Number of protein chains: 2
Amino acid sequence: MATIQDVARDAGVSTATVSRVLSAPELVAEATRARVTASVERLGYQPNFAAKSLRTLKTEKILVTVPDISNPFFSQVIRGVEEAARTAGYSVLLGDTRHEADREEEYAAMLLRREADGLIFLGHRLPEALAPMVAARGVRTPIVNGCEYSSELGVSGAHIDNARASAEAMEHLYGLGHRRVGVITGPLASPLSRDRLEGVRASAQAHGQAAGLAVVAGDFSIDSGLREATALLAADRPSAIFCFSDEMAMGALEAIRRAGLSCPEDVSLVGFDDIRFAEFLNPPLTTVSQPMDRIGHEVVRLLLDILSGKAQALEHVTLPHRLVVRGSTAPPAAA
Amino acid sequence: MATIQDVARDAGVSTATVSRVLSAPELVAEATRARVTASVERLGYQPNFAAKSLRTLKTEKILVTVPDISNPFFSQVIRGVEEAARTAGYSVLLGDTRHEADREEEYAAMLLRREADGLIFLGHRLPEALAPMVAARGVRTPIVNGCEYSSELGVSGAHIDNARASAEAMEHLYGLGHRRVGVITGPLASPLSRDRLEGVRASAQAHGQAAGLAVVAGDFSIDSGLREATALLAADRPSAIFCFSDEMAMGALEAIRRAGLSCPEDVSLVGFDDIRFAEFLNPPLTTVSQPMDRIGHEVVRLLLDILSGKAQALEHVTLPHRLVVRGSTAPPAAA
DNA sequence: CCTCTCGATGTAATCGAATTCATCCGTAGC
DNA sequence: GCTACGGATGAATTCGATTACATCGAGAGG
């Protein structure tokens with residue numbers, strides 16, 4: 001592998017000149033520049049990244065941690081992140097934490113070691129290892145959250161208005177005439193789930209249907225949707241079920257089938273996220289659409305603003321959601 | 001951020017000793033070690049990664065490029081890669097190439113700049129920029145392919161026996177009594193698609209049904225499945241459709257519905273991959289199951305063998321596939 | 001004709017850790 | 001009691017680039 005020294009020797013100039021040709025060509029005379037460029041080509045020179053990084057204290061990398069990369073919702077967000085990062089000349093270091101605090105901490109350490117310039121985390125927990133950093137650098141801490149909103153995190157973030165979004169989903173069900181509604185939330189440790197549940201409760205209250213709510217907690221997985229929906233159907237059967245993720249809704253759909261019922265005739269179903277498979281389910285799933293790509297783009301923008309020193313205060317970006325009504329919801333049969 | 005110098009000063013030793021405490025503690029006397037460890041704790045010292053990397057010429061990073069991260073098949077493979085990499089102390093740099101050669105080349109350059117120790121690519125094209133590297137270093141080139149098999153790539157890889165797998169899918173359909181079968185392949189630029197098509201043709205030939213094949217090319221996306229299946233159904237309608245990906249099968253399922261037909265009564269459907277949503281479709285999808293996790297683990301192992309100098313020759317790992325028969329296939333109605 | 005300025009280039013310090021080689025000291029062996 | 005050896009540690013080099021500062025020469029201005 002050729003080094004800058006090799007190029008310098010080959011072109012008969014100093015390493016400083018070679019470096020200039022590559023990063024500030026306007027400082028170098030035309031003829032010299034051509035000679036150096038030729039040498040670079042001939043030797044196939046590529047600047048050693050570690051050396052550059054050591055000198056500049058930049059890595060041009062963004063660390064992204066996600067609870068589960070194989071979840072289509074997250075992988076869509078990551079796609080957005082990757083795209084925005086790449087456009088800005090950054091690359092993406094991916095960490096799949098599997099919802100485990102240990103792994104979150106491990107990845108957090110990478111930031112401390114300066115293996116990345118910043119961190120975007122899509123979970124709800126700020127790793128403990130980073131607390132000192134946030135305390136010390138405040139608004140300038142290169143850490144951004146995606147999807148969750150919590151003022152306690154102390155970092156900027158991008159997300160939808162979860163309370164309002166879930167309230168809208170409930171409005172839709174109440175509007176159709178549903179009274180008894182089952183709700184399968186995500187883990188209540190995450191503010192996101194709590195916000196959505198709050199929206200659900202507020203809407204139920206507003207319709208005088210608080211008593212008709214049956215709330216159970218899932219973990220966003222297909223399996224938990226299947227399990228919890230089965231339980232909901234076995235008890236005092238709701239005429240509609242609202243799941244806090246499309247994957248859980250898929251599980252719920254399966255539960256409805258297994259119970260010998262059909263959707264939406266016997267039970268209406270609403271999901272959350274609008275992953276790309278939602279519209280291809282049978283029946284197509286009514287769900288709250290989140291702008292995954294934009295969330296990805298926004299968190300990157302927030303982080304870049306911090307890295308460039310542009311950020312002056314914490315910024316919480318609320319992106320628009322949209323209730324997409326498809327075939328899985330209908331008026332209740334007995335109405 | 002504390003440096004090794006700070007720690008050395010704080011502990012009253014040289015930087016060499018600090019370095020030893022961290023990477024080869026057995027060389028340092030018990031008492032000194034304790035003192036240094038205490039200083040490290042107190043100062044919250046984390047070795048600067050770029051400095052270490054510059055010195056050791058290692059990055060402990062693996063670059064993984066994938067045609068589309070939001071595709072559940074790939075995201076499952078990546079999950080496996082991430083897990084295996086992490087276990088071995090490596091982290092994952094993710095590149096989403098969107099099937100574009102430009103982006104592949106861009107990411108390839110990262111390997112040349114030594115931003116990563118090795119590359120795992122899940123596409124079918126070896127970036128041109130890396131050809132010299134493969135030519136120069138041969139078996140020791142730290143590049144591994146996942147999913148595709150092609151001896152021309154000149155690199156090791158892990159994949160299933162695609163020809164055999166698709167032949168088995170066809171056997172299943174012929175066994176049920178289907179004669180006229182529509183096939184939606186992936187882009188034929190990829191050996192993987194060609195291998196599967198070859199398996200399809202061989203099986204058709206063996207059953208004397210070569211004339212009954214209707215082959216069209218998709219691009220693995222839901223949309224292309226919908227589009228191509230619609231075309232297939234409009235022409236001389238096949239009694240079964242075999243798609244080279246589950247996503248295309250989802251599109252095909254939608255096409256069947258839109259055509260006012262039902263699956264499997266009117267048209268049987270077989271997918272490929274067995275993504276986690278396949279069994280929750282309605283009807284549950286018959287498909288060829290690929291061991292995504294294992295593919296991920298194997299490509300990492302192959303790469304680590306190369307990086308550690310263990311690899312002696314190109315290695316092509318063939319992992320087991322399995323035809324999973326579910327509700328989307330049945331004997332043809334007219335049979 | 002001399003000085004000043006500016007453009008072009010080179011010299012050398014620097015980033016932070018790893019590591020080779022040298023040094024020092026204590027102890028075992030004779 | 002002297003040498004040899006080995007364990008513990010430090011001094012200094014190295015990795016490969018960036019960049020502040022120095023230098024040099026040519027043309028402008030007086």
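Not measured: the values here are computed from a predicted model. Letters A, B, ... are given to chains in the order of the sequence lines, protein chains preceding strands, and every chain is numbered from 1.
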Novice: Could you tell me whether the phosphate oxygens of D:dA17, OP1 or OP2, come under 4.0 Å of any side-chain nitrogen or oxygen in A:T15?
Specialist: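 Indeed not, no polar side-chain atom of A:T15 lies that close.
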Novice: Using side-chain contact (heavy atoms from CB on, under 4.5 Å) as the criterion, point out the one residue from B:R125, B:E148, B:H99 that pairs with B:S190.
Specialist: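 Considering B:R125, B:E148, B:H99, a side-chain contact (heavy atoms from CB on, under 4.5 Å) with B:S190 is found only for B:E148.
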Novice: Please work out if B:E30 contacts a base, only the sugar-phosphate, or nothing of the nucleic acid, heavy-atom cut-off 4.0 Å.
Specialist: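 Counting heavy atoms under 4.0 Å across all strands, no contact is made by B:E30.
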Novice: Under 4.0 Å: is that the gap between some side-chain N or O of A:Y45 and OP1 or OP2 of D:dA17?
Specialist: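 The answer is yes; a side-chain N or O of A:Y45 sits under 4.0 Å from OP1 or OP2.
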Novice: Which nucleotide in the list D:dA17, D:dC15, D:dA11 gets nearest to the side chain of B:R20?
Specialist: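 It is D:dA11.
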Novice: Check every strand shown and say whether B:T17 touches a base, only sugar-phosphate, or nothing at a heavy-atom separation below 4.0 Å.
Specialist: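 Contact class for B:T17: sugar-phosphate only.
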Novice: In terms of ring plane angle, is the pair A:Y149 and A:H316 parallel, tilted or perpendicular, where the classes change at 30° and 60°?
Specialist: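 Rings of A:Y149 and A:H316: perpendicular, as their planes differ by over 60°.
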Novice: Heavy atoms under 4.0 Å, any strand shown: does A:T32 hit a base, just sugar-phosphate, or nothing?
Specialist: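 It contacts sugar-phosphate atoms only.
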Novice: Validate the cation-pi geometry between B:K61 and B:F49: distance from NZ or CZ to the six-membered ring centre under 6.0 Å, angle to the ring axis within 45°.
Specialist: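 Yes - B:K61 lies over the ring of B:F49, closer than 6.0 Å to its centre and within 45° of its axis.
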Novice: Dump the intermediate steps for side chain to side chain contact (heavy atoms under 4.5 Å, CB included) on B:V28 and B:V13, then the final yes or no.
Specialist: CA-CA 11 Å; B:V28 180; B:V13 298; over 6 Å; no
Novice: Taking any heavy-atom pair under 4.0 Å as a contact, classify A:A29: base, sugar-phosphate, or nothing.
Specialist: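 Result for A:A29 = sugar-phosphate.
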Novice: So what does A:V18 touch, heavy atoms closer than 4.0 Å: a base, only the sugar-phosphate, or nothing?
Specialist: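 Since no nucleic acid heavy atom lies under 4.0 Å of A:V18, the category is nothing.
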Novice: Could you please name the option among D:dA17, C:dG16, C:dT11 that lies closest to any side-chain atom of A:A16?
Specialist: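 The answer is C:dT11.
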Novice: Between C:dG10, C:dT9, C:dA17, which nucleotide gets closest to the side-chain atoms of B:Q5?
Specialist: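 Selected nucleotide: C:dA17.
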Novice: Considering only heavy atoms from C-beta outward, does the side chain of B:S156 approach that of B:N145 to under 4.5 Å?
Specialist: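 The answer is no; the side chains never approach within 4.5 Å.
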Novice: For B:I4 and C:dC15, give me the distance from atom CD1 to atom P, rounded to whole Å.
Specialist: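 After rounding, the gap between these two atoms is 15 Å.
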Novice: Roughly how far, to the nearest 0.5 Å, is CG of A:L63 from CE of A:M110?
Specialist: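 One gets 5.5 Å once the value is rounded to the nearest 0.5 Å.
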Novice: What integer distance in Å separates B:N48:CG from D:dT14:P?
Specialist: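 Going from CG in B:N48 over to P in D:dT14 covers 21 Å.
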Novice: Could you work out which one of D:dA11, C:dA18, C:dA17 sits closest to the side chain of B:S14?
Specialist: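 It is D:dA11.
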Novice: Give the rounded distance in Å between these two atoms: CD of B:E26 and P of D:dG7.
Specialist: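 About 12 Å, once rounded to whole Å.
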Novice: How many Å lie between CD on B:Q46 and P on C:dA17, as a whole number?
Specialist: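 Rounded to whole Å, this separation is 10 Å.
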Novice: Kindly point out which of C:dA18, D:dA17, C:dA17 is positioned nearest to the side chain of B:A51?
Specialist: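 Shortest atom-to-atom distance from the side chain points to C:dA17.
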Novice: Looking across every strand, which nucleic acid part, if any, lies under 4.0 Å from B:S19 by heavy atom: base, sugar-phosphate, or nothing?
Specialist: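 Base contact.
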Novice: Could you state the NZ-P distance from B:K52 to D:dG16, rounded to the nearest angstrom?
Specialist: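 So the two atoms are 18 Å apart, to the nearest Å.
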Novice: Expressed as a whole number of angstroms, how long is the span from B:K58:NZ to D:dG16:P?
Specialist: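 Whole-Å distance recorded here is 15 Å.
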Novice: Whole angstrom is fine here: how far is it from CG in A:L57 over to C1' in D:dT19?
Specialist: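 About 13 Å, once rounded to whole Å.
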Novice: D:dG16 C1' sits how many Å from B:L112 CG, rounded?
Specialist: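 Going from B:L112 (CG) to D:dG16 (C1'), I get 16 Å.
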Novice: Closest-nucleotide mapping onto DNA chain D: is B:L54 or B:L27 further toward the 5' terminus? I mean the 5' end.
Specialist: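 Nearest nucleotide further toward 5': that of B:L27.
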